[in-house]
Amino acid sequence: MVKICCLGAGYVGGPTMAVIALKCPDAEVVVVDISTARIDAWNSDTLPIYEPGLDDVVKQCRGRNLFFSNDLEKHVSEADIIFVSVNTPTKTRGLGAGKAADLTYWESAARMIADVAKSDKIVVEKSTVPVKTAEAIEKILAHNSNGINFQILSNPEFLAEGTAIKDLFSPDRVLIGGRETPEGRKAVQALKDVYAHWVPEEKILTTNLWSAELSKLAANAFLAQRISSVNAMSALCEATGANVAEVAYAVGKDSRIGPKFLNASVGFGGSCFQKDILNLVYICECNGLPEVASYWKQVIKINDYQKSRFVNRVVSSMFNTVAGKKIAMLGFAFKKDTGDTRETPAIDVCKGLLGDKAKISIYDPQVTEDQIQRDLAMSKFDWDHPVHLQPMSPTAIKQVSVTWDAYEAAKDAHGICILTEWDEFKTLDYTRIYESMQKPAFVFDGRNIVDAEKLREIGFIVYSIGKPL
Ligand code: NAD
Ligand code: UGA
């Protein structure tokens, strides 16, 4: 029986290991974390993350061949394959602040592995890391081990939140990078054997270590670039009377471009796109490639522009002032079907409107009031000027209320901002909402999910992204 241990029980470690345990009944999978609260939640009826289909998978395997534990050292020392799926956020201070990946968690995981290992191990980079990280990890492991053989593999994860289980069940590809030595090839084969339990062989790609590490950053950069491209077009559409949905459809019909990931929006969010592109920018700068760095930086600048454009449009269309006006936010998570709020555009939109003295009422089906208050109270980290942190004033925070009901959020409001594309927002009773609001009643659809014409018939003034008024 192959023994697998994963360091990091987060959005990636938890679902990924649950699916490996489900598909490989002959493996024992233990997920460990330094956070006791996270492990307790994984062992309870309320899992620490909301992800469609995850509960079912965990229920089928937990206690059989899937375990969650705080005993890191025991499980690391017993494992044959160790996945490292710890967080790799952007550095907020010191060299590379605002861009470089902070590898503190990764390094401490590697040192712990070196300290407790008593037999040969395959160490798998699951976290997204800068290209060449495997080299640094090899050095740490080699210097601290007593003749133990460590093979490092890069096996980046491509799942998206909200569809993690579906993505893990049928991935577009699984990527494994390893050393081109006999030991390296043997380690790659051992990891291939795990995935081969359910992933067709032609979808398991093997490369050298650096290609695998860089492919992950490249894939996220390409995906985010598509969104910034369509969002840039949305601004031009608004200025010219073109409709961004029609433009995106026509462009996406070209089979070389394809139809996916072309939805104009208030901006992309999530813990990874911005962080990974900044990391890529930093790597380019360090490698003497400033032109390449500034090309990718522009993807983030357009995203920031799109978020502030949205706020400006709300304020300017509501007669240039939102002071004292109640504005309802429908959705706070960075996308539908997740409760994750990391880097959600909703934070920037709320802060922008609070800065103009609006009163804000927020409803999201999966995000708690505590989480929203924490997100809004946190200093905004400005990647472009990392030394200037902008704290939110306590007076502004008092202007925020959170409800568990969309109708309650909209009652007496002057405007509604749709910030997450939750399906339930498409079928709300907008006549009822209109009747309960101040007039004129505005809708700013940051996700282009409502039928603007129908809402206009009810009486709303509707602004969509990149569409004629
Ligand atoms: P997360 O913050 O949800 O989880 C990381 C976990 O690692 C935390 O629970 C933390 O307590 C734990 N941890 C930190 N240091 C540790 C240590 N030394 N030992 C054991 N546990 C430790 O992060 P995440 O969203 O799961 O992302 C993890 C990595 O995967 C990141 O590099 C991210 O870029 C990448 N990634 C994320 C996604 C996604 O959708 N969230 C998708 C693909 C790749
Ligand atoms: C993204 C990638 O899609 C995954 O492949 C990758 O593994 C992951 O990042 C990661 O490395 O963390 P995720 O951020 O979970 O996944 O979700 P996406 O579906 O990519 O959405 C990201 C953001 O872009 C969301 O705010 C979403 O609303 C926005 N988006 C997406 C748009 O605005 N328009 C689109 O057409 C698509």
Side-chain angles (χ1 to χ4, degrees), residues 5-17 31-39 41-42 48-49 51 68-70 72-73 75-76 82-90 101-113 125-130 133 155-164 167-168 171-173 216-217 219-224 226-231 234 248 252 259-277 279 303 306-307 331 333-338 340-346 419-421 446-449 465:
C5 177
C6 175
L7 292 168
Y11 284 87
V12 169
T16 311
M17 292 305 123
V31 191
V32 297
D33 202 291
I34 47 175
S35 159
T36 312
R38 265 218 160 154
I39 292 299
W42 279 108
I49 61 178
E51 195 55 66
F68 295 92
S69 166
N70 277 123
L72 283 78
E73 300 188 355
H75 295 291
V76 164
I82 302 165
F83 286 85
V84 183
S85 184
V86 301
N87 33 331
T88 50
T90 305
D102 180 350
L103 294 178
T104 315
Y105 302 102
W106 228 112
E107 187 173 333
S108 88
R111 287 184 190 278
M112 192 271 282
I113 296 170
E125 289 178 348
K126 196 46 141 171
S127 304
T128 304
V129 290
T133 298
N155 172 221
E157 184 49 59
F158 296 101
L159 67 80
E161 288 177 31
T163 53
D167 296 342
L168 288 163
D172 286 345
R173 77 306 210 184
K216 173 63 196 177
L217 296 180
N220 273 359
F222 275 51
L223 288 168
R226 273 175 86 91
I227 304 170
S228 279
S229 297
V230 78
N231 281 345
S234 75
K260 293 184 186 165
F261 243 69
L262 285 177
N263 296 322
S265 66
V266 56
F268 61 73
S271 60
C272 292
F273 279 172
Q274 172 163 311
K275 151 179 97 67
D276 293 346
I277 294 178
N279 186 356
N303 198 47
Q306 188 74 350
K307 290 183 278 188
F334 82 98
K335 63 184 284 196
K336 75 170 180 177
D337 292 338
T338 178
D340 194 352
T341 60
R342 290 178 291 179
E343 299 295 337
T344 175
L419 299 181
T420 311
E421 72 281 22
R447 296 290 181 170
N448 288 351
I449 55 162
I465 303 275

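Just so you know, ligand 1 is whichever comes first in the structure, and atom 1 is the first atom listed for that ligand. For the single chain, residues carry numbers from 1 onward in sequence order. Values below: all heavy atoms of this structure, side chains included; hydrogens, waters and symmetry mates excluded. Predicted model only: the values in this text are computed from it and were never measured.
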Please examine the side chains of [Y] and [X], heavy atoms only from C-beta on, and report whether any two atoms are closer than 4.5 Å.
X: Y11; Y: T338; answer: yes
X: T128; Y: L217; answer: yes
X: P130; Y: L103; answer: yes
X: E343; Y: F334; answer: no
X: N279; Y: T88; answer: no

Under 3.5 Å: donor-acceptor pair, side chain of [X], backbone of [Y]:
X: D33; Y: A9; result: yes
X: N448; Y: I465; result: yes
X: N87; Y: P89; result: no
X: K307; Y: V266; result: no
X: S127; Y: V86; result: yes
X: R226; Y: K260; result: yes

Donor-acceptor pair between S234 and Q306 side chains, under 3.5 angstrom: yes

Pair S265, N263: side-chain N/O donor-acceptor within cut-off below 3.5 Å: no

To the nearest 0.1 Å, how far is [atom] from its closest protein heavy atom, and which atom is that?
atom: atom 27 (C) of ligand 2; answer: R447 NH1, 3.9 Å
atom: atom 25 (O) of ligand 1; answer: R342 NH2, 3.0 Å
atom: atom 20 (O) of ligand 2; answer: F261 CZ, 3.1 Å
atom: atom 16 (C) of ligand 1; answer: V86 CG1, 3.4 Å
atom: atom 6 (C) of ligand 1; answer: D33 OD2, 3.5 Å
atom: atom 7 (O) of ligand 2; answer: L159 O, 2.7 Å
atom: atom 1 (P) of ligand 1; answer: R38 NH1, 3.5 Å
atom: atom 44 (C) of ligand 1; answer: T128 OG1, 3.6 Å
atom: atom 39 (C) of ligand 1; answer: E161 OE2, 3.4 Å
atom: atom 14 (O) of ligand 2; answer: F334 CE1, 3.5 Å
atom: atom 12 (O) of ligand 2; answer: C272 SG, 2.7 Å
atom: atom 14 (C) of ligand 1; answer: N87 OD1, 3.3 Å
atom: atom 34 (N) of ligand 2; answer: N263 O, 2.9 Å
atom: atom 31 (C) of ligand 1; answer: T88 OG1, 3.5 Å
atom: atom 1 (C) of ligand 2; answer: F273 CE2, 3.5 Å
atom: atom 21 (O) of ligand 2; answer: K335 CD, 4.0 Å

Derivation and outcome, salt bridge (Lys or Arg N to Asp or Glu O under 4.0 Å), residues R342 and E161: CA-CA 12 Å; R342 290 178 291 179; E161 288 177 31; 3.4 Å; yes

Y105 atom OH, neighbour heavy-atom count above 12 within 6.0 Å: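 Atom OH in Y105 is not packed in, count stays at 12 or less.
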
Against heavy atoms of [X], which atoms of ligand 1 measure under 4.0 Å?
X: G8; value: 6 (C), 7 (O), 12 (C), 20 (C), 21 (N)
X: K216; value: 43 (C)
X: S85; value: 5 (C), 28 (C)
X: S108; value: 18 (N)
X: L72; value: 19 (N), 20 (C)

Please report whether ligand 2 has a polar contact with [X], defined as an N or O pair separated by less than 3.5 Å (distance criterion only).
X: F268; answer: no
X: G270; answer: no
X: P345; answer: no
X: T128; answer: no
X: G267; answer: no

Parallel, tilted or perpendicular: rings of W42 and F68 (30°, 60°):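 Plane angle under 30°, so parallel.
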
How many angstroms lie between atom [atom1] of [X] and atom [atom2] of [Y], to the nearest 0.5 angstrom?
X: F268; Y: F261; atom1: CZ; atom2: CZ; answer: 10.0 Å
X: N155; Y: E125; atom1: CG; atom2: CD; answer: 9.5 Å
X: L7; Y: H75; atom1: CG; atom2: NE2; answer: 11.0 Å

Residue part near ligand 2, for I227, under 4.0 Å between non-hydrogen atoms: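 The answer is the side chain.
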
Contact partition for N220 relative to ligand 2, non-hydrogen atoms under 4.0 Å: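 N220 to ligand 2: side-chain contact only, backbone stays beyond 4.0 Å.
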
Pull out every atom of ligand 2 sitting under 4.0 Å from any heavy atom of [X], numbered as shown with elements.
X: S265; value: 32 (C), 33 (O)
X: A160; value: 3 (O), 15 (O), 16 (O), 17 (O)
X: E157; value: 7 (O)
X: K216; value: 6 (C), 7 (O), 10 (C), 11 (O)
X: F158; value: 4 (C), 5 (O), 6 (C), 7 (O)

[X]-ligand 1 polar pair, N/O distance under 3.5 Å:
X: Y11; value: yes
X: V12; value: yes
X: E157; value: no

Option set K275, E125, R111, criterion heavy-atom distance to atom 34 (O) of ligand 1, minimum: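 Looking at heavy atoms only, the winner is K275.
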
Test item, K260 contacting ligand 2 (heavy atom, 4.0 angstrom): no

Contact partition for C272 relative to ligand 1, non-hydrogen atoms under 4.0 Å: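 Near ligand 1, C272 shows its side chain, while the N, CA, C and O stay back.
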
Within-shell test, M112 vs ligand 1, heavy atom, strictly < 4.0 Å: no

Check against salt bridge (Lys or Arg N to Asp or Glu O under 4.0 Å), E421 and K336: CA-CA 5 Å; E421 72 281 22; K336 75 170 180 177; over 6 Å; no

Shortest non-hydrogen contact between V32 and C5, atoms and distance: CG2-SG, 3.9 Å

